[in-house]
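Data first, discussion second: the structure below is written as structure tokens.
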Number of protein chains: 2
Amino acid sequence: MTARTPDSARDIPEATVARLPVYLRALTGLAEGGTTTCSSEELAASAGVNSAKLRKDLSYLGSYGTRGVGYDVEYLRYQIAREIGVTHDWPVVIVGIGNLGHALANYSGFRSRGFRVVALLDADPSRHDEVVAGLDVRSFEDLESIVAENDVSIGVIATPAVAAQAVADRMVAAGITSILNFAPSVLSVPDGVDVRKVDLSIELQILAYHEQRKSVAPAGEVSAT
Amino acid sequence: MTARTPDSARDIPEATVARLPVYLRALTGLAEGGTTTCSSEELAASAGVNSAKLRKDLSYLGSYGTRGVGYDVEYLRYQIAREIGVTHDWPVVIVGIGNLGHALANYSGFRSRGFRVVALLDADPSRHDEVVAGLDVRSFEDLESIVAENDVSIGVIATPAVAAQAVADRMVAAGITSILNFAPSVLSVPDGVDVRKVDLSIELQILAYHEQRKSVAPAGEVSAT
DNA sequence: AGGAGTTTGTGAACGGGAGAACAAAACGGG
DNA sequence: CCCGTTTTGTTCTCCCGTTCACAAACTCCT
Ligand SMILES: NC(=O)c1ccc[n+]([C@@H]2O[C@H](COP(=O)([O-])OP(=O)(O)OC[C@H]3O[C@@H](n4cnc5c(N)ncnc54)[C@H](O)[C@@H]3O)[C@@H](O)[C@H]2O)c1
Ligand SMILES: NC(=O)c1ccc[n+]([C@@H]2O[C@H](COP(=O)([O-])OP(=O)(O)OC[C@H]3O[C@@H](n4cnc5c(N)ncnc54)[C@H](O)[C@@H]3O)[C@@H](O)[C@H]2O)c1
């Protein structure tokens, strides 16, 4: 009874948070296909997960389904979007407009999924002439003013690894509290700042590990040495 | 029953496998800095993990440290590389040479971390003239022969989401058994084929979720300071 | 040579997440 | 109005991963 939790303060398990965006995408796909209602089984199939897991995940948000019927696609989609916080766009700055930065800047998926790139920054003056995806590449020195003016809280780092920590420090000082890091380096940031990393090499190395095992131990048994 | 586990087939927990590449990178950094020996504490700090976790992870590989001393950087580096399977390069093909594909093709971190891009493929004939990072962009039709000739087992998908499943099917048919997917779509593949996905939007949405809570949640918690 | 000081490797406790299974709720048909 | 069918929401159990804590093993200094 005292356990009456205010709607906004339920805490959702991290593993569930990581899957909500997948459900959101699956629902968008269903909606575009004309589906207006779906069962947990169908949605789970679209999202590539177990249906029991899906239902449990959704139960953390509340009771948005109807027993015997299923979920209203549009309604559930909105509820998840609201829970994640992507009912309105988040302003984002990208720092490091090299190979990867260009690709990110040109990525249309940003806009359609709750984010809006407000600035592209690079330390190299020779890049400042360029216009990428309709935005000027600006000096890294402008970081603070851009963050302040646009109320930016999310930053993306696409610089070489050696520069990543310095860029992160500067972002944090400017008021950014969430960082997505593409550089292969470990960032240290104060409490209250979230960092997530995307590391291509690590993903490939994990695949390599399993690949190596496939050829060594397909089914049969083995020989040491 | 068949529970006989050969020495060489120790199975390493998935969570540990995912961290080995991080340790490898940290060790490379230490070696470049001239360090020849390090303690679990130092290495853990470089890799951004808890030292107990590091020691437990390494214990799955064997006993490569010396009590009272620590680990020989070069020796441990080699042992981890061997375990992951990156003592020799793995050939890789990239399919979909658009914004992202270009960045990947130009990424030098591939080569230095155990991978070699052997071919760039795209379905769009107008791309076939192009040379990216010293490689011709070739027709997707050449997939089978390239995979066969170079003994490729790892493929990277950087096509639009709608094409991803078809590309994956074709890769699997050609003999590829590990796929790294950048397209935001759920791939279904036969048993024995590994798929890992890298999804930028999901990472940002996870950040957005926590970001939203930061601004809403300070109530009910011991705040102050 | 022996003892003090380090640091590894691991056993054990703990917490969180995955999946199976089921009771409660809604619908429809007669 | 009642009963069978469908599908959700939740409970329970098991497993994996994290962390603590400590004995074993090695070095170095006296
Ligand atoms: N290219 C890829 O496909 C790829 C894949 C995975 C990871 N990465 C990583 O992403 C990062 C960027 O890769 P890239 O290929 O785009 O490199 P790049 O060299 O092409 O681009 C880096 C850009 O960062 C800018 N920069 C350097 N220092 C800066 C600073 N202090 N402040 C602001 N900008 C600065 C440079 O001027 C350059 O434009 C690297 O860390 C790389 O390891 C790249
Ligand atoms: N650009 C980014 O930063 C970014 C970030 C995250 C995810 N992604 C995802 O990566 C994928 C590629 O993004 P992009 O920006 O490079 O798109 P893009 O449109 O620039 O490039 C896609 C390329 O794939 C080729 N292609 C299409 N169908 C093909 C097929 N059946 N076989 C072979 N090639 C085919 C196209 O000719 C094109 O060259 C998309 O799924 C996108 O959602 C991109």
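As a basis for the values below, the full set of heavy atoms in this structure was taken, side chains included, without hydrogen atoms, waters or symmetry mates. Chain A is the first sequence line, chain B the second, and so forth, proteins listed ahead of strands; every chain is numbered from 1.
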Salt bridge or not between [X] and [Y]? Use side-chain N to carboxylate O under 4.0 Å.
| X | Y | result |
| --- | --- | --- |
| B:Glu144 | B:Arg170 | yes |
| A:Lys214 | B:Asp194 | yes |
| B:Asp72 | B:Arg77 | no |
| B:Arg213 | A:Asp11 | no |

A:Ser39 side-chain N/O to A:Glu42 backbone N/O, donor-acceptor pair under 3.5 Å: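 Indeed, once roles are kept as given, a pair shorter than 3.5 Å links the two residues.
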A:Thr16 side-chain N/O to A:Ile12 backbone N/O, donor-acceptor pair under 3.5 Å: no
Contact interval (first through last nucleotide) of DNA chain C with protein chain B, 4.0 Å heavy-atom: C:dT6 to C:dA12
Pairwise 5' ranking along DNA chain C for A:Arg55 and A:Glu14, keeping only the more 5' one: A:Glu14
Full working for side chain to side chain donor-acceptor pair (under 3.5 Å) between B:His88 and A:Gln212: CA-CA 11 Å; B:His88 67 280; A:Gln212 188 186 35; over 6 Å; no
Aromatic ring proximity, centroids under 6.0 angstrom, B:Tyr75 and B:Tyr64: yes
Contacting residues from residues 59-71 of chain B, given that a heavy atom lies under 4.0 angstrom of DNA chain C: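 Correct list: B:Ser59, B:Ser63, B:Tyr64, B:Gly65, B:Thr66, B:Arg67, B:Gly68, B:Val69, B:Gly70, B:Tyr71.
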Residues touching DNA chain C, which here means a heavy atom under 4.0 Å, drawn from residues 18-43 of chain B: B:Ser39, B:Ser40
Donor-acceptor pair present, B:Lys56 side chain and D:dT18 base, under 3.5 Å: no
What is the distance, rounded to the nearest whole Å, between atom [atom1] of [X] and atom [atom2] of [N]?
| X | N | atom1 | atom2 | answer |
| --- | --- | --- | --- | --- |
| A:Asp72 | D:dT8 | CG | P | 13 Å |
| B:Ile12 | D:dT18 | CD1 | P | 14 Å |
| B:Lys53 | D:dA21 | NZ | P | 17 Å |
| B:Asp11 | D:dG17 | CG | P | 10 Å |

CH2-CG distance between A:Trp90 and B:Leu204, expressed to the nearest 0.5 angstrom: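 It comes to 11.5 Å.
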A:Ser178 side, atom OG; B:Glu203 side, atom CD - distance, nearest 0.5 Å: 12.0 Å
Side-chain donor-acceptor contact under 3.5 Å, A:Ser40 with A:Arg55: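 Yes, side-chain donor-acceptor contact under 3.5 Å.
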